[in-house]
Every structure is written in C-alpha cells, then in structure tokens.
There are 2 protein chains.
Amino acid sequence: MRLTSKGRYAVTAMLDLAFHSQLKPVTLIDIAARQTISLSYLEQLFARLRRANLVKGVRGPGGGYSLCSNPSDISIADIVAAVGERIDATKCGGDANCQKHHACLTHDLWMELGEHIKVYLEKITLADLLIKNNVQKIAEMQDQEAQQVVEVRNYAELMNERQ
Amino acid sequence: MRLTSKGRYAVTAMLDLAFHSQLKPVTLIDIAARQTISLSYLEQLFARLRRANLVKGVRGPGGGYSLCSNPSDISIADIVAAVGERIDATKCGGDANCQKHHACLTHDLWMELGEHIKVYLEKITLADLLIKNNVQKIAEMQDQEAQQVVEVRNYAELMNERQ
DNA sequence: ACTTAACCTAGCGAAATAGTCAACTAATGT
DNA sequence: ACATTAGTTGACTATTTCGCTAGGTTAAGT
C-alpha cells in the first residue's frame, strides 16, 4: 500500500478545479501555478482522470478542464484510484496466495486495513472538503497570490514593450 | 504514506514470535523458514525491533528472540513504527509547510487520514491476532510443514553419512 | 576449542517516484 | 487562412527505496 504525491496532487488539483470551474473551464497552467505542481506532471495525472471520467477537457482558447459530475458525487477514493495509487495493503492483492499458494499469517489483517481505508476515503467527497473553513481560506489566499503573479508579469511585459 | 513488505514482514515475524516463544527464545532461522522471509532481511528488521524495545535477543546456542512485553501490550502500530514505515500521509510530515511555508489545500485531509489509520492500528494488538481462528490454523499448518522439512533434511544427512 | 546464533556493515539490482523535454494534434479567435 | 492556445503522447532521467545478499564480528553454551 502506498499513498504518495501522485494521489495528493490529484486530489489537490481536483479540489482546485471544484473551486474554480464553476463558470468556465480551468487551465492546467493555472492549477500548476496555484498549487505549485509541475505542469507536465499534472498533464499526466489529468490524462488518467479524464480516462476515469472524472473530468472533461475543452480545447482551444478559453478552454481547460472541468468536473464531469457534482463535487458531492466525487469521492477521494475515486480520485486516488483513478491515478493508480494502491490502497490495498496485502502483498498478494487480495488473492490470498501471499505464502506459497496459501494466505500468510497476517493476510486478514491487511485485507481489513485496506477495506477500512477504502471505506473512509469513499465517504469523503470533494463537496465535503469545499465547505471546510481551512480549505476556503487557503484557496482564497492562493487566488490572491496568483493574481499578484499575473500583475507582476503584466508589469514586466509593459516595461519590455517600452524599451 | 507507505506500507510495504517491510511492515508486513515485521508484524508476521512478531506474530510468529508470540506463537512460539512462550517457553524459550525463537531463532530467526526458524521464523525465516516458517514465514519464508529472507534471514538477512529479518536480522535487519529485528535490529530495529530490538532498538524499539519490542524484542530481546539471547545469544549463543539455545538463544534467539522473545517478546519484551505481553502480546496484549504490543500493538500493530508499535511494530510498524519500529521498522520505520511511515503511516503519515502528508507530504510535510505534519509540519503544514507543504506549499511554500503554508499548508497545501489538502493538508488537513491527509492529516486526518493518517491519524485515522494510526488509531486503527493502535487498537489491534498481537493478542487480538493470536486468538483469531484463521491465524491459529495457518500457524499450525506452518509448524507441520516446518517439521516435515526438518525430517527431510535429517534423512538427507543420514544418507550422506552412509556414502 | 567449537558451535551456535545474535549482531553489524556495505552494497546491489529492480522498481517506482516525480518529474523533464520535445513533438504532435485539435479547436478557437482574429 | 493562420497563429494561438490547449491537450496528448512518448521517451527519457535523476533519485530514492525496497528487498535481499554477502561478509564479517561478538557473545554465549557444551
């Protein structure tokens, strides 16, 4: 079992999407900037999220990604599974052949642990996270910082043109 | 977060120990044979278990390892932590500096998940596993198989001597 | 002395992670 | 029509960890 940045990035990006894609699609460039995730890596993750029917992409100017369903219908378990993070804690993947065709001494323990975590993550949806106080505060701060970056960039371009 | 064979082996070995070390210490050779774990790898794991005061080693013939406390006082969380498996699911290890000195959008989610798993594993002790039907059945079968291996080995040695 | 088994250290091959880089295709605004 | 934006794909890579091997040293029993 393993839960790494891959799954964390995926959930963070999906949450960012849930926040900002109400009106129009959100570009990966924006998400990458706000959440400080490598753009190329995000692209890989979103390829998987799209294949799992969690997001849809719109091409061309003004394009980007948006959610396929309501935030209340997308669980953390869905997202984590979509990017291929293994929640299962057994060695055998549930086949009960961990030790020479038989189950190992602790097979049941890991099966139950995996099931436990799965149920926990299935119960939490993007909508649950959206209404959390802390999440809203952080998201607002990120928006402000991103806005400042845009302003600095525009200012720099302006000065460049004047030269 | 990550739970690999390292933690699984450690718990399995400790459970084997709880089963067989009632009367006298158990050698890692026996555990390695019963649980099909590499002996050298087991030695590394037991070095950590010993440093965490979960087991004590007795050198010399008739030596081996035994538990430091009652099986009911040793939780799975203790064992997993002793061999250094990270249960924590955050990127920052709880420091809340996942994103440029601040907490990332999903920091709380991973904190709570980690805490949830920790509590779950803290509640399960070696004694809980010992009384499980499945565990007893598997352990008995392993004992029989190990006994057969010994008999085959003795027979082979006997035939060798006759040559 | 000799065996047994704990204890210690260094290193290795395979796999996975967390990316990067570059080229390609598809849709849109002008 | 054409440049721009956005998404897709694939190959490549530095780094880390895992599971394990190989070799030794130390301490205790017989």
Side-chain angles (χ1 to χ4, degrees), chain A residues 1-13 17 21 24-33 35-52 54-66 68 80 83-86 88-89 91-92 98-99 104, chain B residues 1-13 17 20-21 24-33 35-68 80 83-86 89 91 93 98-99 104:
Chain A
M1 177 215 229
R2 143 180 293 155
L3 199 52
T4 67
S5 288
K6 194 194 280 185
R8 282 193 296 262
Y9 284 165
V11 174
T12 303
L17 209 55
S21 71
K24 60 188 180 87
V26 174
T27 69
L28 293 191
I29 293 178
D30 285 352
I31 299 180
Q35 309 304 333
T36 51
I37 305 174
S38 140
L39 174 60
S40 302
Y41 199 44
L42 262 187
E43 286 171 349
Q44 286 178 40
L45 297 180
F46 270 74
R48 289 182 182 240
L49 293 171
R50 195 177 51 82
R51 265 177 247 138
L54 293 180
V55 298
K56 51 172 176 276
V58 180
R59 296 183 171 205
Y65 281 97
S66 46
C68 273
V80 165
V83 295
E85 295 269 70
R86 274 196 53 188
D88 176 38
K91 178 172 210 169
C92 53
C98 352
Q99 201 196 2
C104 72
Chain B
M1 180 219 218
R2 136 183 301 156
L3 199 51
T4 66
S5 287
K6 194 195 280 186
R8 282 194 296 263
Y9 283 165
V11 174
T12 303
L17 208 56
H20 297 98
S21 70
K24 60 189 180 89
V26 175
T27 69
L28 292 191
I29 295 175
D30 285 350
I31 298 180
Q35 309 303 333
T36 51
I37 304 174
S38 142
L39 174 61
S40 301
Y41 197 45
L42 263 187
E43 283 175 351
Q44 290 176 38
L45 296 181
F46 271 74
R48 290 181 183 241
L49 293 171
R50 193 175 50 85
R51 267 176 246 140
N53 269 322
L54 293 179
V55 298
K56 50 174 177 275
V58 180
R59 295 183 171 203
Y65 282 97
S66 44
L67 297 179
C68 275
V80 166
V83 295
E85 295 269 68
R86 276 196 49 188
K91 179 173 208 167
C98 352
Q99 200 195 0
C104 72

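Computed from a predicted structure; not experimentally measured. Throughout, protein chains are lettered first and strands after them, A, B, ... in sequence-line order, and every chain is numbered starting at 1.
- For the pair A/S5 and C/dT17, the criterion of a side-chain N or O lying under 4.0 Å from OP1 or OP2 is not met.
- No donor-acceptor pair under 3.5 Å is formed between the side chain of A/R2 and the backbone N or O of B/T4.
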Just the table, please: protein N/O against nucleotides 25-30 of chain C N/O, every pair under 3.5 Å.
residue	atom	partner	partner atom	Å
C/dA26	O4'	A/R59	NH1	2.1

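- For the atom pair OG (B/S21) and CG (B/D30), the distance works out to 12.0 Å, reported to the nearest 0.5 Å.
- The side chain of A/S38 places an N or O atom within less than 4.0 Å of a non-bridging phosphate oxygen (OP1 or OP2) of C/dT20.
- When rounded to the nearest whole Å, the span between NZ of B/K91 and P of C/dT17 equals 14 Å.
- For A/R8 and C/dA18, the CZ to P distance is 7 Å, given to the nearest whole Å.
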For a side chain to side chain contact (heavy atoms under 4.5 Å, CB included) check, start with the C-alpha distance between B/Q44 and B/Y9, then their side-chain angles and the critical distance, and finish with the verdict.
CA-CA 11 Å; B/Q44 290 176 38; B/Y9 283 165; over 6 Å; no
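- The shortest distance between side-chain heavy atoms of B/I29 and B/L39 falls below 4.5 Å.
- Distance alone, capped at 3.5 Å, is enough to place a donor-acceptor pair between the B/E85 side chain and the B/G7 backbone.
- The backbone N or O of B/L3 sits nowhere less than 3.5 Å from a side-chain atom of B/R86 that would complete a donor-acceptor pair.
- Interface limits on DNA chain D: the 5'-most and 3'-most nucleotides within less than 4.0 Å of chain B heavy atoms are D/dT17 to D/dG29.
- The closest donor-acceptor contact from the side chain of B/S38 to the backbone of B/Y41 lies under 3.5 Å.
- Map B/L28 and A/S40 each onto its nearest nucleotide of DNA chain C; the residue landing nearer the 5' end is B/L28.
- Side-chain N/O atoms of B/E43 and base N/O atoms of C/dT9 include no donor-acceptor pair closer than 3.5 Å.
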Could you check B/K91 against B/C104 for side chain to side chain contact (heavy atoms under 4.5 Å, CB included), going step by step and ending with a plain yes or no?
CA-CA 9 Å; B/K91 179 173 208 167; B/C104 72; over 6 Å; no
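- Aromatic ring pairs are classed by plane angle as parallel below 30°, tilted from 30° to 60° and perpendicular above 60°; the pair B/Y65 and B/F46 is tilted.
- If you take CG of A/L3 and C1' of C/dA16, they are 15 Å apart, rounded to a whole angstrom.
- Among the protein residues, B/F46 comes within range of no part of the nucleic acid, since none of its heavy atoms lies under 4.0 Å from any strand.
- Residue-level contact check: A/Y9 touches the backbone only, with heavy atoms under 4.0 Å from sugar-phosphate atoms and none from bases.
- Residue contacts for A/T4: at a heavy-atom cut-off of 4.0 Å it reaches the sugar-phosphate backbone alone, with no base atom in range.
- Not counting sequence neighbours, the partners of A/Q35 by the side-chain hydrogen bond (donor to acceptor under 3.5 Å, both in side chains) test are A/D16, A/Q142.
- Following rounding to the nearest Å, A/I37 (CD1) and C/dA18 (P) show an atom-to-atom distance of 12 Å.
- Regarding B/K24, its NZ atom lies at a distance of 14 Å from the P atom of C/dT4, rounded to whole Å.
- Taking atom OH of B/Y65 as the reference point, atom P of C/dT4 lies 18 Å away to the nearest angstrom.
- Going from atom OH of A/Y41 over to atom C1' of C/dA16 covers 10 Å, rounded to whole Å.
- B/R2 places its CZ atom 8 Å from the P atom of C/dT17, with the value rounded to the nearest Å.
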